[in-house]
Amino acid sequence: NGTMRVNVGNVDSPLQIFVRAKKKINDIFIEIDDYVKDAVTFMHAVSGENGIATPQDVANVEAYVSKVEAIREVLKRDHMKVAFFGRTSNGKSTVINAMLHDKILPSGIGHTTNCFLQVEGSDTDEAFLKTEDSEEKHNVQSVSQLGHALCTTRLQESSLVHIYWPRELCALLRDDVVLVDSPGVDVSPNLDEWIDKYCLDADVFVLVANAESTLMLTEKNFFHKVSTKISQPNIFILNNRWDASASEPEFLDQVRSQHANRCVDFLSRELRVCSPKEAEERIFFISAKEALLTRMKEREKPVSSPILVEGHQVRYFEFVDFERKFEECISQSAVQTKFAQHSRRGKNIAADVMAALEQIYTTACNMKATKVEKQRILQEQLTCIEEQLTSITRQMKDKIGKMVESVEHKVSLTLSQ
Ligand code: GDP
């Protein structure tokens, strides 16, 4: 239903860094919104005929209302994005399903992902998908139905299908992680277009490689392109299908260190996206199939082949370790790239509105000063007139006094004659 969603995500998860930062910056923007609206009301109150603010002053402050609204809209939709790449059948869809603890994406033979699939949280209880060019919601009840829907909707390899899945069913979706599955890098010649369309805002890239073979040139080339377009991309390498190593335990360590060295070399020396030490923390040997199976069993969901081979627990722990490091990386990166810019803009808007108000204050002060000055001059004139009057009156008094005296004198003279 459409009621407010209370986020009760896993409080221990590193993803909470992002979730809390998002809540905080949203709250800050609610305050900025109030502040700007108050400023507009104030500007209206001091404008008009003989007012202090000009219509232009009012319009300038009013313009910030829509700016703040636009940022709040973007903020509401901000999420963490991870994109998965690799050759067809390396297990990208299986990795995503394992991370989501459920079979959401169709995987396996006959279900080659031939377009981009973006899995994100839906606020309703229903699962549905939308293609890029229409607003129509296709209901999805099951994986097979999703697979079918993807086959019947004619899709190009560079088109995007949004899959909305109930947030309450997956911790990652609840915490605003968006996962993007891609067609195999071996099948597409349009790598540049892919990167421009779907990767520029990705916080993390996961290369799903096959532990049964070495990194292929097509896989490497793709990431060479990525690193020319994005500065310092965060790349994880999953050597998937590591369960295959169980059949040859005598070569396990040797094969692992060979793969690991090549991957470290690729990230640190070829791509130069991190130091060799950091690269070691970005490389994992896992079995997505086993991880998914383990989680399906935990949820008591039906599984086709419940048998797990030797060493599955160690591989599962490594998968969990990957998830933890991935969560730390994606939340920190997303906070930096998404919120740093917004908080700068918020600060600028608050400063601009304050400057506008200060200017009004200065104008008001000047007007007051002018009035006071006028009054002072008037007062001076009054005092001057007063003084003049006093002096005139005094002179008149003297004059009259003297006149009276002389008249009296004359009268007394006349009388004495
Ligand atoms: P995608 O094309 O990269 O998305 O690959 P899928 O996820 O569809 O996987 C292709 C096939 O490989 C499926 O049949 C999976 O069950 C299988 N698969 C995926 N991960 C593993 C794994 O870790 N071990 C094994 N043995 N098989 C796997």
Side-chain angles (χ1 to χ4, degrees), residues 82-119 142-144 146-151 155 157-161 163 179-188 191 194 198 205-213 215-216 218-219 222-223 235-249 252 255-256 259 263 283-297 301-323:
V82 49
F84 295 80
F85 293 94
R87 283 182 309 131
T88 319
S89 293
N90 277 2
K92 296 178 293 295
S93 314
T94 312
V95 169
I96 294 175
N97 285 340
M99 290 174 81
L100 294 171
H101 294 241
D102 206 347
K103 272 191 182 162
I104 294 176
L105 298 182
S107 73
I109 301 136
H111 278 305
T112 316
T113 317
N114 59 355
C115 63
F116 279 81
L117 299 177
Q118 176 161 322
V119 189
S142 66
V143 189
S144 57
L146 173 61
H148 184 69
L150 291 174
C151 287
L155 296 161
E157 131 267 302
S158 59
S159 64
L160 176 72
V161 173
I163 299 170
L179 303 97
V180 179
D181 194 7
S182 60
V185 284
D186 47 335
V187 296
S188 173
L191 299 182
W194 279 14
Y198 307 116
F205 294 87
V206 177
L207 166 58
V208 181
N210 186 346
E212 292 165 300
S213 63
L215 278 186
M216 298 277 168
T218 41
E219 290 165 323
F222 176 74
F223 283 95
I235 304 171
F236 283 81
I237 301 180
L238 296 180
N239 289 289
N240 193 32
R241 295 172 171 270
W242 191 230
D243 49 314
S245 66
S247 58
E248 294 171 342
L252 194 107
V255 174
R256 184 181 171 124
H259 277 315
C263 292
I283 293 152
F284 298 87
F285 291 79
I286 56 136
S287 167
K289 192 178 174 182
E290 287 175 346
L292 177 59
L293 201 65
T294 307
R295 290 182 169 173
M296 296 294 282
K297 277 184 174 175
K301 296 228 174 175
V303 287
S304 50
S305 57
I307 304 140
L308 293 163
V309 294
E310 182 68 28
H312 66 90
Q313 262 169 344
V314 179
R315 289 187 288 276
Y316 183 63
F317 286 146
E318 190 149 344
F319 188 80
V320 174
D321 189 30
F322 152 68
E323 288 181 309

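Numbering of ligands and ligand atoms starts at 1, following listing order. Values below: all heavy atoms of this structure, side chains included; hydrogens, waters and symmetry mates excluded. Remember, predicted model here, so these are calculated numbers, not experimental data.
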Taking the six-membered ring for Trp, are the ring centroids of Phe116 and Trp194 within less than 6.0 Å of each other?
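Centroid separation for Phe116 and Trp194: below 6.0 Å.
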Show me which atoms of ligand 1 lie under 4.0 Å from any heavy atom of [X].
| X | answer |
| --- | --- |
| Lys92 | 1 (P), 2 (O), 3 (O), 4 (O), 5 (O), 7 (O) |
| Asp243 | 22 (C), 23 (O), 24 (N), 25 (C), 26 (N) |
| Ser287 | 22 (C), 23 (O), 24 (N) |

Quick one: are Leu207 and Phe222 in side-chain contact, heavy atoms under 4.5 Å?
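Not in contact.
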Taking the inter-plane angle between the rings of Phe285 and His259 on a 0 to 90° scale, is it parallel (under 30°), tilted (30 to 60°) or perpendicular (over 60°)?
tilted
Decide whether an N or O pair under 3.5 Å exists between [X] and ligand 1.
| X | answer |
| --- | --- |
| Ala288 | yes |
| Asn240 | yes |
| Ile286 | no |
| Ser89 | yes |

Rounded to the nearest 0.5 Å, what separation is found between the CD atom of Glu323 and the CE atom of Met99?
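Between Glu323 CD and Met99 CE, I get 5.5 Å after rounding to 0.5 Å.
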Of all residues at least two apart in sequence or in a different chain, which pass the side-chain hydrogen bond (donor to acceptor under 3.5 Å, both in side chains) check with Asn240?
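Listed in chain order: nothing, the list is empty.
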Applying the side chain to side chain contact (heavy atoms under 4.5 Å, CB included) test to Phe205, which of Phe223, Phe84, Phe236 qualifies?
Phe223
Going by heavy-atom distance to atom 11 (C) of ligand 1, choose the closest among Arg241, Glu290, Lys289, Arg315.
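Nearest heavy atom to atom 11 (C) of ligand 1 lies in Arg241.
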